[in-house]
There are 2 protein chains.
Amino acid sequence: MMDQPKKQPTMMDVARLAGVSTMTVSRALKPNTSVGEKTRQKIQDAAEQLGYVLNSNAASFASHKTGFVAVTIPSINNANFAETLTGLSEGLNNTGLQILLGYTNYSKQEEERLIEQFLQRRPEAIVVTGGSHTDRCRKLLENSGVPVIEMWDQPKSPIDESIGFSNADAAALMVDHFVEQGYERIGFIGGDASRDTRGLDRRRGFVARLEALGLESHRLVSAGSPPVTIREGMDSLVKMLDTWPDTQAVMCVSDLSAFGAISYCIRNGIRVPDDIAIAGFGAYDISEVSNPTITTVDVSAQAIGLAVAQQVSNRLSVQQGNPVKIAAPTILARESTQKSVQ
Amino acid sequence: MMDQPKKQPTMMDVARLAGVSTMTVSRALKPNTSVGEKTRQKIQDAAEQLGYVLNSNAASFASHKTGFVAVTIPSINNANFAETLTGLSEGLNNTGLQILLGYTNYSKQEEERLIEQFLQRRPEAIVVTGGSHTDRCRKLLENSGVPVIEMWDQPKSPIDESIGFSNADAAALMVDHFVEQGYERIGFIGGDASRDTRGLDRRRGFVARLEALGLESHRLVSAGSPPVTIREGMDSLVKMLDTWPDTQAVMCVSDLSAFGAISYCIRNGIRVPDDIAIAGFGAYDISEVSNPTITTVDVSAQAIGLAVAQQVSNRLSVQQGNPVKIAAPTILARESTQKSVQ
DNA sequence: TATGTAAATGATACCGATAACATTTTGCAA
DNA sequence: TTGCAAAATGTTATCGGTATCATTTACATA
C-alpha cells in the first residue's frame with residue numbers, strides 16, 4: 001500500500017471543483033437522476049481528476065439503506081452450500097446488494113452470534129440456512145424489521161418466509177427408490193444428529209418411510225459431527241457391515257459419504273451395487289463421475305440460491321413480484337443402486 | 001419479518017433511560033473501556049430493555065473504521081479457494097473484522113469491478129487472489145491507502161505484499177517426481193491459458209522444467225475455461241491420447257481434472273499408473289480416497305488463508321508482528337504415479 | 001410575448017455514533 | 001482532613017453523505 005499523504009477527497013471537494021452543490025454531485029453519481037448532461041460530465045471529470053471514491057458508509061448512514069444482505073450458511077466447504085452461494089451471488093449481482101457472509105459451522109450458537117453481529121450492520125434482508133435456531137436468535141430475526149428468508153428447509157412455522165424443500169420427504173423418495181429396486185434391509189449413514197438438522201430430517205424421513213412400508217428401520221450409523229467427510233463415509237460403512245452384515249442397501253446423508261462408502265467397497269472387493277447398493281444425497285459433481293456413478297437426490301442447490309436472490313429483490317423493491325418457487329428434489333437413479341444398468 | 005412499528009432505538013434512547021450521556025453508553029458497550037461496573041450494568045439493562053442494537057454504520061462513519069476486509073477469489077466452487085476462505089474466516093474470527101467477499105469468476109475485468117465497488121465501503125485491508133490485474137485495478141489498489149495482500153501467488157512486483165507460492169516451481173516439482181519415476185513423455189492438461197493465471201504459471205513451470213531436462217514439452221491440452229471440471233479432465237485425456245498415444249504420464253492442473261482423467265482410464269480398461277501415470281494439483285480431499293489415490297501437490301490452501309488473516313491483523317494493529325510465512329508446496333506421492341507401490 | 005409545467009439545481013437539516021478534550025468523582029497516601 | 005493522580009463521565013464538534021423542500025432554469029404552447 002502506498003500511504004495516502006492527504007486524506008481522500010470528499011463530495012464537497014468534487015462539488016467545489018465542478019462549481020456545483022454537493023447535492024448535485026450526489027445525484028450525478030447515481031443513475032436515473034435528473035442532472036443535466038453537461039453538468040454530469042463536468043462532475044464526472046472533476047471526480048476523475050480528484051480520484052474521488054464515493055463513501056458508501058456515509059451514504060448508508062444518511063439514507064438508512066446499507067445495501068447489505070446478511071447470509072449465514074453452515075460451511076463453505078460443502079459443494080451444495082457453495083453452489084447455493086454462487087446462485088445467490090449471481091442473482092444479486094446487479095442489484096447493488098452486497099452479501100455479508102457468515103459460517104455457522106453447523107452450530108446454532110454460532111449462528112446466533114453471527115446474526116447478532118450482522119444486525120449491527122443493518123442489513124436490508126437476512127438469509128439463513130435451515131429453520132432451526134436458538135430462541136434468542138429466532139427472536140432477533142423476528143424483531144429485525146427486515147425480510148428474513150430461511151432456505152434449504154421447509155420449517156413448519158417459518159420466521160417470515162422459506163425457500164427450500166422437505167429433507168424428510170426427499171429421503172423418503174430414496175427409500176422408495178430402494179424398495180422399487182427390490183432392497184428391503186436398508187441402512188442410513190448420517191452425521192451426528194444433534195447438530196446437522198437437515199441431516200437429522202433426512203434420517204427422520206428415512207425411518208418414517210421404512211416404518212410406513214413395514215420394513216426394518218434400525219440400521220442407523222452415526223458418522224460424527226457434520227459435515228460428514230469421505231473418510232467418515234468409509235468408516236461408517238465398515239461399522240454398518242460389522243453391525244448388520246446382511247444389509248442390502250445404504251443411504252448416505254451426502255454424496256461425499258456415499259463416495260467414501262463406495263471407495264471402501266471397491267478397495268475391498270465388495271461389488272456395488274451387486275453386493276450392496278449405496279446412494280448419496282445432493283447431486284455433487286463427484287456422484288456423476290464416480291465409478292460406479294452414484295444414485296443421489298438432486299436438490300438443485302444453485303437454484304435455491306437464485307430463488308432466494310430473486311425473492312430478496314422482490315421484497316426490497318416497491319412492486320412486489322410473485323413469490324418464487326423452486327423445483328422439488330428428484331432422484332437421479334444411477335449405477336450404484338441399479339443392478340440392471342450395471 | 002415483523003414490521004417494526006416504531007423505529008429502532010438509538011444510543012440516545014439508551015442513554016436517557018440509563019441516565020447517562022451517549023458517550024458513556026458508547027464506552028459501556030465496548031470492551032476495555034473505563035466505565036464503572038454499576039454504570040455498565042445499568043446501561044446494559046437499559047439496552048436490553050429497549051432491544052437496542054448498535055448501529056455499526058454510524059459507528060464506522062464516526063470513527064473512520066469500518067471493520068471490513070475486502071476479499072476477492074476466483075470462485076467459491078473450488079475446494080482450494082473455499083479452504084483458503086475458511087482459513088481466512090477462522091483467522092479473522094475474533095478480530096472484529098468482517099469479510100466482504102467477491103467472486104471474480106477468473107476475470108480481471110470482474111475483479112476490477114469488484115475492487116471499485118469494495119473501495120466505496122472503505123475496507124481496512126484488501127486481499128486479492130493472484131498477482132495479475134488490470135492496469136486500472138492495480139492503480140486502484142495502489143492508491144487505496146490500506147494494506148493490500150496478494151495471495152496464492154508470488155508476483156515479481158507485488159502491489160504491497162504477497163502470501164503465496166510459485167505455481168511454476170510447484171509444477172516443476174511434479175515434473176521432477178515424474179522423471180524420478182522413470183517417465184519421459186509427459187503431458188499437461190490445463191485450463192484456457194488466457195484466464196487462469198495460476199494454471200498458466202503451472203503450465204509454464206511444467207514446460208520450462210521439461211526443457212531444462214531436455215525432454216519433450218509439447219504435449220499440452222487445453223481443457224476449456226477455468227475452473228476445469230472433472231468432465232473436462234476426462235475429455236482432455238481422450239484428446240491427449242488421441243494426439244499423442246505414446247504419452248506415459250500426465251500432469252493435470254487440478255485434482256478434479258486428474259480425477260476425471262483417471263475415471264476415464266478406469267472405465268476404459270486403461271490401467272493407472274501401469275499404462276499411464278496421472279497426477280493432480282491442490283491436494284483436494286478426493287485425491288486421497290480416489291482409487292487409485294492421486295499423486296498431487298499440497299499447497300496448504302487453508303494455511304494460506306490463516307496466514308493472510310494473521311498478516312492482516314498484524315498490519316492493522318499498532319505493534320506490528322513478524323511477517324507471516326507459509327510452507328512451500330510439497331509433492332504427495334500416491335498410487336497414481338508410482339508403479340512400485342501399486 | 002406571456003405562461004405554465006417539467007427539469008435542473010440549491011439550501012438546510014439531519015442521520016447516530018465517536019474523537020478529543022474538559023470536568024467531576026473516587027480512592028488512597030500523606 | 002487534605003491533596004492529588006487515576007478513573008469515570010460529560011460536552012462539543014464533527015464524520016460525509018442524502019432527504020426534503022425551495023428555487024431557478026428551460027422549453028413548449030397558447
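Protein chains get the first letters and strands the later ones, always in sequence-line order, with residue 1 at the start of each.
- Contact check on R138(A) versus E142(A) returns a salt bridge, with a Lys/Arg side-chain nitrogen under 4.0 Å from an Asp/Glu carboxylate oxygen.
- Where R27(B) and L54(B) meet DNA chain C, the nucleotide closest to each residue was compared, and L54(B) sits on the side nearer the 5' end.
- For L29(A) and dG16(D), the CG to P distance is 16 Å, given to the nearest whole Å.
- Atom CE in M12(A) sits about 13 Å away from atom P in dT12(C), given to the nearest Å.
- One finds no side-chain N or O of S56(A) lying less than 4.0 angstrom from the OP1 or OP2 phosphate oxygen of dG17(D).
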> Are R113(B) and S107(B) close enough, and set up right, to give a side chain to side chain donor-acceptor pair (under 3.5 Å), and what steps lead you there?
Replying inline: CA-CA 10 Å; R113(B) 208 183 62 82; S107(B) 152; over 6 Å; no

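- Within 4.0 Å (heavy atoms only), S21(B) reaches at least one base atom of the nucleic acid.
- dC15(C) atom C1' lies 14 Å from atom CG of D13(B), rounded to whole Å.
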> Does the pair T86(A) and N77(B) meet the rule for a side chain to side chain donor-acceptor pair (under 3.5 Å), with working shown?
Replying inline: CA-CA 8 Å; T86(A) 301; N77(B) 279 312; 2.9 Å; yes

>> As a quick check of understanding, evaluate side chain to side chain donor-acceptor pair (under 3.5 Å) for Q41(B) and D45(B), giving each step before the final call.
In response: CA-CA 6 Å; Q41(B) 193 55 55; D45(B) 289 349; 3.1 Å; yes

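- Atom NE2 in H64(A) sits roughly 10 Å away from atom P in dT20(D) (whole-Å rounding).
- Taking side-chain N and O atoms only, S63(B) has no distance below 4.0 Å to OP1 or OP2 of dA19(C).
- Side chain of M23(A), nearest nucleotide from dA19(D), dG16(C), dA8(C): dA19(D).
- The phosphate of dG16(C) (OP1 or OP2) has no side-chain N or O of T10(B) nearer than 4.0 angstrom.
- Between T39(B) and the phosphate of dT9(D), there is a side-chain N or O to OP1/OP2 separation shorter than 4.0 Å.
- Between Y52(B) and dG16(C) there is no side-chain polar atom (N or O) within less than 4.0 angstrom of OP1 or OP2.
- One interatomic measurement links the two molecules: NZ of K65(A) to P of dC15(C), which rounds to 18 Å at whole-angstrom precision.
- The distance from atom CZ of R122(A) to atom C1' of dA17(C) is 11 Å, rounded to the nearest whole Å.
- Using a 4.0 Å heavy-atom distance criterion, K30(A) is classed as a sugar-phosphate-only contact.
- Rounded to an integer number of Å, the gap from CD1 of I43(A) to P of dG10(C) is 8 Å.
- Put simply, the residue from D160(B), V71(B), L141(B), L100(B) that forms a side chain to side chain contact (heavy atoms under 4.5 Å, CB included) with I126(B) is L141(B).
- Nearest to the side-chain atoms of V20(B) among the listed nucleotides dG10(D), dA7(D), dG16(C) stands dG10(D).
- One can place CG of N57(B) at 11 Å from P of dG16(C), the figure rounded to the nearest angstrom.
- With DNA chain D read from its 5' end, the first of the two nearest nucleotides for A62(B) and G36(B) is the one closest to G36(B).
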